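Computed from heavy atoms alone, side chains included, the values below leave out hydrogens, waters and symmetry copies. A note on names: the letters A, B, ... follow the listed sequences, proteins ahead of strands, and every chain is numbered from 1. The structure presented is a predicted model; accordingly, all values stated were derived computationally and were not measured.
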Protein chains: 2
Amino acid sequence: MVQIPNTPTSADVARLAGVSRATVSYVLNNTSAVRISEPTRRRVHEAARELGYVPHAAARSLRAGHSRMVLMPAPAIPVGPLYSGFLNELQWALGRLDYTVVQYGTVGLQGDEAARAWAELRPVAVLVPGADLGPQGVGVLKRSGARAVVTLGPGSVDGAHALLMDHDAVGHCAGAHLYARGRRRIGVVVPEESGLEAYSRPRLAGVLQALRGTDATVTELPLAYTEESAARLAVRWRESGLDAVFAYNDEYAMLLMRALQDEGVRVPEDVALIGADDLMLGRLLRPRLSTVHIDLPSGRDLAELVDRAVRDPSGEPEVHKVLGASVVRRESS
Amino acid sequence: MVQIPNTPTSADVARLAGVSRATVSYVLNNTSAVRISEPTRRRVHEAARELGYVPHAAARSLRAGHSRMVLMPAPAIPVGPLYSGFLNELQWALGRLDYTVVQYGTVGLQGDEAARAWAELRPVAVLVPGADLGPQGVGVLKRSGARAVVTLGPGSVDGAHALLMDHDAVGHCAGAHLYARGRRRIGVVVPEESGLEAYSRPRLAGVLQALRGTDATVTELPLAYTEESAARLAVRWRESGLDAVFAYNDEYAMLLMRALQDEGVRVPEDVALIGADDLMLGRLLRPRLSTVHIDLPSGRDLAELVDRAVRDPSGEPEVHKVLGASVVRRESS
DNA sequence: TTGAAAGCGTTACCAA
DNA sequence: TTGGTAACGCTTTCAA
């Protein structure tokens with residue numbers, strides 16, 4: 001017969017220590033408004049340890065009327081070292097401010113439905129990467145007690161703070177660089193993988209904007225992240241007449257570079273190539289890959305924004321441009 | 001003056017609809033044990049929509065005595081496409097089974113302290129990647145109501161289910177392969193970055209095991225993920241006399257390959273090189289990088305294990321070896 | 001210094 | 001078909 005242990009509650013601790021539940025709460029929370037005798041204190045701690053008592057977060061925040069939970073929908077697409085480093089720093093910084101960061105696995109849920117699912121947890125703040133949140137969603141979250149809603153993505157939403165990750169700037173940088181290098185027939189890789197449109201569209205738009213009013217032409221190059229797809233693109237390269245490519249990011253750039261070289265297209269002589277994200281691996285190619293270096297905000301800064309917003313929820317939503325982009329020219333352009 | 005909207009509760013909905021809280025609950029949860037008239041039903045839904053009512057998960061699970069939350073500590077190190085694909089699949093599969101997956105940002109917390117933090121959320125199941133959980137921790141979690149504790153990592157812990165990710169096998173594969181290719185003086189890259197020991201140690205051990213009792217020698221090669229570090233290693237390469245390397249993974253392999261080639265060391269003629277993880281990018285190198293392909297379990301399978309364990313918590317802990325490793329020979333070995 | 005009791009938002013039982 | 005009520009675990013006010 002299996003002993004199914006019942007989860008100990010503060011009442012169990014109280015009973016074992018021979019005190020009331022109130023006293024247990026005072027002791028375990030170090031409530032300063034009330035002085036508990038040292039022996040009692042010890043008995044309570046003892047009892048809690050013995051029972052393996054762990055407080056019940058839900059009950060606690062239900063009673064308190066609020067929690068310190070910061071909720072982030074977990075990004076559905078694999079995320080590079082850049083962004084995951086940022087996430088880590090952010091979690092650490094929020095942890096220092098005594099928040100608990102929780103990534104919520106929003107699978108099939110869309111838009112407002114997702115917002116409602118998040119709202120059920122009554123987080124004190126919500127950080128939403130990407131563009132999956134509308135004004136409705138912000139309303140739902142605020143009404144359910146979120147004191148701060150922050151979007152991290154291309155646009156800003158009414159009522160929410162925004163960290164504008166302006167990927168146009170990445171494309172703009174790349175386009176201007178290629179133009180300055182004397183290239184005029186410029187291709188822009190657009191990944192065929194779904195979920196990347198949120199980045200690829202603005203990057204393309206940035207290139208277009210950088211070249212508007214010049215004599216350069218811009219050609220979209222759909223490309224899947226497979227060698228076959230890259231080979232198909234490479235095989236028809238010469239007839240395309242392109243003399244430069246912004247390859248969306250370093251990984252697609254590496255893929256394309258190899259395919260082009262296999263076709264005898266020389267980089268950078270025949271075609272200048274530039275990626276983005278400044279991955280270590282791009283540096284290892286021959287020629288070394290030029291790239292657009294992206295600066296994300298520091299996790300500390302975002303954590304402080306969140307904290308500020310939580311403390312003063314009626315403050316005006318802040319909107320910050322936080323994505324710095326700069327060309328790192330190496331050998332491929 | 002700013003209107004701070006109070007979060008609507010089911011009582012508010014009841015008042016607006018002119019019914020009792022119980023009725024609201026029945027309607028919104030489609031309770032089948034009870035029949036509510038169509039007009040009432042409509043009024044309730046109407047009222048809920050109008051107020052933007054969102055149920056309070058904490059209150060609900062407090063009342064119910066359990067939740068459907070599956071908690072995973074968020075991995076602190078950046079995680080490759082392989083593992084993050086696995087995570088996604090897992091979240092999706094658990095979502096289909098009506099669980100809610102939450103990644104908990106455990107920063108700084110160690111061992112049992114971390115386990116207690118997780119336990120506060122009273123998850124129905126806990127999935128712990130890595131080796132950060134001891135038997136004590138399992139005890140805390142179980143006592144606080146977790147019906148399944150599953151570790152994903154190198155070892156198994158008493159009382160918990162285990163998906164054994166036996167990274168020894170990766171090293172074993174690589175070592176055996178290099179030996180079979182006629183190499184005898186074999187280097188093994190050990191990343192200097194902290195947090196990777198959990199993988200690098202067993203991979204090294206696997207190589208050693210594969211070569212035990214043969215005439216081959218194994219040399220540890222500490223390497224940081226920087227070009228400088230790789231260059232330092234490469235510069236002293238010839239005197240090391242090594243004729244093969246297992247480079248921990250594809251990224252370190254790419255780093256090292258470039259550094260070696262820059263020193264005029266030929267791959268694979270002078271030194272055979274093999275990585276691990278079967279990244280797309282390794283295929284793009286010259287020579288194309290040999291690698292150890294790693295098979296993770298399907299997210300669906302793990303989801304089903306979790307579900308089984310939740311339904312029958314008294315079942316024997318299952319221990320599965322789930323890491324398949326196989327060499328993909330390309331041109332570098 | 002300690003204890004009794006109320007109440008946070010839900011749901012489920014029992015009555016009406 | 002609907003409503004009252006108790007209970008989940010915790011904190012806090014008020015009394016003793």
Legend entry - ring pair (Phe, Tyr, Trp, His ring centres under 6.0 Å) partners of B/Y26, counting only residues at least two apart: none

Legend entry - Bending between helix ends of the helix from C/dT1-D/dA16 to C/dA16-D/dT1 [5 pairs per end, 10° resolution]: 50°

Inset, instruction - Heavy atoms of chain A, cut-off under 4.0 Å: which first and last nucleotide of DNA chain D, 5' to 3', fall inside that, if you could look? - result: D/dG9 to D/dT13

Legend entry - Residues which pass salt bridge (Lys or Arg N to Asp or Glu O under 4.0 Å) with B/E197, listed by chain and number, not counting sequence neighbours: none

Inset, instruction - Would you please name every residue forming a side chain to side chain contact (heavy atoms under 4.5 Å, CB included) with A/Q103, sequence neighbours left out? - result: A/M72, A/A74, A/P75, A/L87, A/Q91, B/A74, B/Q103

Inset, instruction - Report yes if some heavy atom in the side chain of B/N29 is under 4.5 Å from a heavy atom in the side chain of B/R60; otherwise report no. - result: yes

Inset, instruction - Please identify each residue that fulfils salt bridge (Lys or Arg N to Asp or Glu O under 4.0 Å) with B/R311, with sequence neighbours left out. - result: B/D307

Legend entry - Under 4.0 angstrom between A/T40 side-chain N/O and C/dT1 OP1 or OP2: no

Inset, instruction - Applying ring pair (Phe, Tyr, Trp, His ring centres under 6.0 Å), name anything that partners A/Y99, two or more places apart in sequence or on another chain. - result: none

Legend entry - Results of salt bridge (Lys or Arg N to Asp or Glu O under 4.0 Å) for B/E113 - residues two or more places apart only: none

Inset, instruction - Under 4.0 Å between any heavy atoms, over every strand shown, what does B/V34 touch: base, sugar-phosphate, or nothing? Just pick one. - result: base

Inset, instruction - Could you check B/A22 against A/I36 and say which one's nearest nucleotide on DNA chain C is further toward the 5' end? - result: A/I36

Inset, instruction - For A/R49, enumerate each residue passing the salt bridge (Lys or Arg N to Asp or Glu O under 4.0 Å) test, keeping only those at least two apart in sequence or located in another chain. - result: A/E46

Donor-acceptor pairs are to be reported for all side-chain atoms of residues 52-59 of chain B against protein atoms at under 3.5 Å, with residues two or more places apart or in another chain.
| from | atom 1 | to | atom 2 | distance (Å) |
| --- | --- | --- | --- | --- |
| B/H56 | ND1 | B/A58 | N | 3.3 |
| B/H56 | ND1 | B/A59 | N | 3.3 |

What are the atom names and distances for every N/O pair under 3.5 Å that joins the protein to nucleotides 7-10 of chain C?
| from | atom 1 | to | atom 2 | distance (Å) |
| --- | --- | --- | --- | --- |
| C/dG7 | N2 | A/R63 | NH1 | 3.2 |
| C/dC8 | O2 | A/R63 | N | 3.3 |
| C/dG9 | N2 | B/A59 | O | 3.3 |
| C/dT10 | OP1 | B/Y53 | OH | 2.7 |
| C/dT10 | OP1 | B/H56 | N | 3.2 |
| C/dT10 | OP2 | B/S10 | N | 2.8 |
| C/dT10 | OP2 | B/S10 | OG | 3.2 |
| C/dT10 | O5' | B/Y53 | OH | 3.3 |
| C/dT10 | O4 | B/R21 | NH2 | 2.6 |

Legend entry - side chain to side chain donor-acceptor pair (under 3.5 Å) partners of B/S10, counting only residues at least two apart: none

